[in-house]
Amino acid sequence: MNWLKQTRRLINEPLLLAMIVFVWALLIVFIVYPILMVGIKSFEPKTGVYSFDVYRALFSKKYFITPIINTLKLGIVVASISVLIGYIFAYSIAKVNVPFKTFFRTVATFPIISPPFVIALAAILLFGRNGIVTRNFFGGVPPFEIYGFLGLVIVETLAYFPTAFMTLEAILISISSDLEEASLSLGSSKWRTFWRVTFPLSMPGILSAWLLVFSQSMADFGTPLILGGRYHVLSVSAYLEITGSYRISYGSGLAILLLIPTLIAFFVQRYWLSRKSYVTVTGKPSVIKVLEPNVYVKVMFTAICATLVFAVFLFYGTVLFGSFTKLWGVNHKLTLENYKFAFTYNWKYIKDTLLLASIATPLCGILGIMIAYLVGRKQFPARRLMEAFSLLTFAVPGTVVGIGYLLAFNQKPLLLTGTALIIILVFVFRELPVGVQNGVAALYQIDRSIEEASLDLGSSSNKTFWKITLPLLMPAFFNALFTAFVRSMTAISAVIFVVSGRWNLITVRILGAVGNSDLSQAAALSYVLIGIVLLAMFFLRFVTINFSYQTKIRRAMS
Amino acid sequence: MTEYYVEVRNLVKDFKDSSSGSFIRAVNNVSFGVKKGQLMTLLGPSGCGKTTTLRLIGGFEIATSGDVLIDGTVVNDQPPNKRPTAMVFQSYALFPHMNVYENVAYGLKNRKLSTQEIKKRVSEMLSIVGLSGLEKRYPSQLSGGQQQRVALARALVVQPKVLLLDEPLSNLDAKLREQMRIELKKIQSNLGITSIYVTHDQLEAMTLSDVIIVMKDGVVMQQDSPEMVYRYPANKFVAGFIGKANFLEASVVGIEQNRCKLKLISGADMVVGIREGTRFTIQEKVYLVLRPEAARFVKPNQGIVNGMVITRIYTGANAFFEVKTDYGILSVEIQNPTHMDLPEYGETVGLVYDTATLSVVKYE
């Protein structure tokens, strides 16, 4: 009876026990309970009446079936293209030794840290009815319908290929070039070496990247809301059911249909694929040797990367340009009006977003690190379950979380609707996995015996955490804070259900501006957001440099 | 009350194998005791359960069953920070964000001593391990040997009742290891601290220990002083693990109190000393344990066995031979070979062994 022994040991450490109980309480109330509410509501078409009516309707009416098929189709196409592009990009950087590597890598991460609908906005500014490409090259007739499937594919691919790229780059780097050299020395050509050695070894990474992008595309809300047109997807349909038609149980049902494939993708990726991986993580990166390819190959890969980077620049540049123009497509005279407007009329949105995200971020970081520490270092019953629940909101689409919070916290004793607190809670628990994952990864790198040494020398596990673990976790902690902050600032899919007249957010305001065809204002607000994110990044660098122990050591050396 | 300062009783530890879900018994009903001030070594090949046993004593693992007693108190339910033990880790586990002084002072600060007292004790300890003057350095700025000394100082400075050492020298290069081995022994016996030492290096165990416990597959094979472990190995595994050994099949033909008479397959009879209390029966099949370093060459038919030299290696201080006999290949190690006539490759020789070095173990 292992759990009995573990429990007995816990009683000797009351603080640890209290922490575990506290974390469990939070996870149940703010993660499990809201999601459960969505599930329950989907079986309750009328208050107090429970039946399968909702699902019967969802699977019989064309009105509901179309978004289900659309969402899956979009997810599959976007994931496949993104993985292909991401692989080429990652291969170029990790294995081909293209020039400007750092530059390419930096540009590729733009879409990850910027608001998700900036690219959608750019697509409209370029290819929409008043787009500059449409006007200047196609005489005012859009070259293709940007509002619909094709537009969504282009925009989501640009937005999500970086995810695929980052996953695949890590995998490709971890494939030792010794293996490739061994294959070459045994007489295989480079082409054969790629298909027989490199590609099979990167297969788990490819599947993993595919599933990640698939889930992101499924869960995307901002892009299809702006660009979907008549192409309906689940996240938008669920939102419209609830806020437009007030059919909450139907919205919940759609949300559950959205939840199931993303959950499956998440668990397959996390618990099955991660075990399939051929590469062993040693903690220390091995020396990366890059095989020098011939000139033509190198030029080809460089050209592909450059094209992609050009596309990213084009999209971001267009929005930047748009934020300084008077009226897009009509009057392209440069002006600061839009920013003036943003900082006066829309100042409240900026201020609220900053305030709420700033409150949520440290809470999220601390809770995340605390959970990471518990599951990564402590023995207690249901430890793995705690980890799974804390990572759950990674897998759960924002729409589901948003509806869950709407349903769960609109009555006493937890009446939070319309308050700032509910937005903060959404931020904290939505970004919780960031902290947990960063923390677990960092803990993995810290030799366990360092903490054992501290315990052994008489420090309680609480003191060990504060004196030893936390200082060593600091870099990861700051990183988690930064990511959580950026993601909170740019979040939309979940919070859109809990904003109110009293407390509203920039992202919601941007969507509103796009809806009113006030594209210049949307562009300006987007760049205000990007500016805040960049400031946060510099702040993070400053903090990391000044408060990490590595700097302390470096100073002591000089 | 027992005579032992640290005692382990019927300790069992099962680990769940994550791939198959079944349990693996890492430590199987282990019992032993260490007297106050002694250094005891847990010796065995990797995977024998020695480190797990040490971690159970330190409180880092929770035993499946069994008890750990320190100074007469059962400490099973105490977490590591409540146990009067201090451990020197294989990886040293120095706190990378603290300098040498802070590392060594860390445990003292938990004991609520005055700053002055802490300062005094730290500088005393640093001078014992020979690190005075390096207080302000960080672990990453120290050599492997210096890191090792910090780890030792950090554990010793809290004056634990028991010092636990988990292969502390395995990360050092050969020369430094030899030097630290001797130094460690000096420090340990000067301070008179009860210690439990884990290693897979039999030479290290022989050098340092008052008592050696040989383990295999989670089970204690033998528990004795270094001399006794070498002289009277408890079984074939111990005989082979401690020093080098060749085994010759034989059968018992006569038993006296501490001697027994063997008949070798060659037909030769010989009398071999056995440990008092060891039980063999007449006609029992046994192994005669031959130590290569106790062998001497004689003319053919004058020894207990004849054979042909098939390997001959001369290293200066030693000479190694392999002799092919009817009963298998026997190794021979001659020390100070310059004083002797060494047989040539291919030569037929006879072998004799110094009877005092022979021992008998059960056939398995």
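Chain letters run A, B, ... following the sequence lines, proteins first, then strands; residues in each count from 1. What you see below is based on every heavy atom in this structure, not just the backbone, and it leaves out hydrogens, waters and symmetry mates. For clarity, every value in this text was computed on a predicted model and none was experimentally measured.
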Taking side chain as everything from C-beta outward and backbone as N, CA, C, O, which of these in [X] sits under 4.5 Å from a heavy atom of chain A? Side chain, backbone, both or neither.
| X | answer |
| --- | --- |
| B:Q78 | backbone |
| B:A63 | backbone |
| B:L164 | neither |
| B:P139 | neither |
| B:R137 | neither |
| B:D166 | neither |

Contact winner vs chain A - [options], heavy-atom pairs under 4.5 Å:
| options | answer |
| --- | --- |
| B:R154, B:Q90, B:K136 | B:R154 |
| B:D77, B:N76, B:L94 | B:D77 |
| B:A155, B:P160, B:A93 | B:A93 |
| B:V158, B:V157, B:T64, B:V88 | B:T64 |

Can you measure from [atom1] ([X]) to [atom2] ([Y]) and round to the nearest 0.5 angstrom?
| X | Y | atom1 | atom2 | result |
| --- | --- | --- | --- | --- |
| A:T464 | B:F95 | OG1 | CZ | 7.5 Å |
| B:H97 | A:K467 | NE2 | NZ | 8.5 Å |
| B:M98 | A:I468 | CE | CD1 | 3.5 Å |
| B:F89 | A:D447 | CZ | CG | 8.5 Å |
| B:F60 | A:L455 | CZ | CG | 6.5 Å |

Nearest heavy-atom pair of B:S91 and A:S449: which atoms, and what distance? OG-OG, 3.0 Å

Flag if over 12 foreign heavy atoms under 6.0 Å of [atom1], [X]:
| X | atom1 | result |
| --- | --- | --- |
| B:K185 | NZ | yes |
| A:R541 | CZ | no |
| B:K119 | NZ | no |
| A:F539 | CZ | no |
| A:F22 | CZ | no |

Specify which of A:S459, A:S454, A:A453 makes the most heavy-atom pairs with chain B at under 4.5 Å.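 Ranked by contacts with chain B, first place is A:S459.
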
Pairing donors with acceptors under 3.5 angstrom, does anything connect the side chains of A:S460 and B:N81? no

Residues in residues 474-482 of chain A near chain B [non-hydrogen atoms, under 4.5 Å]: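 Not one residue of residues 474-482 of chain A has a heavy atom under 4.5 Å from chain B.
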
Are any non-hydrogen side-chain atoms of A:I450 and B:P96 less than 4.5 angstrom apart? yes

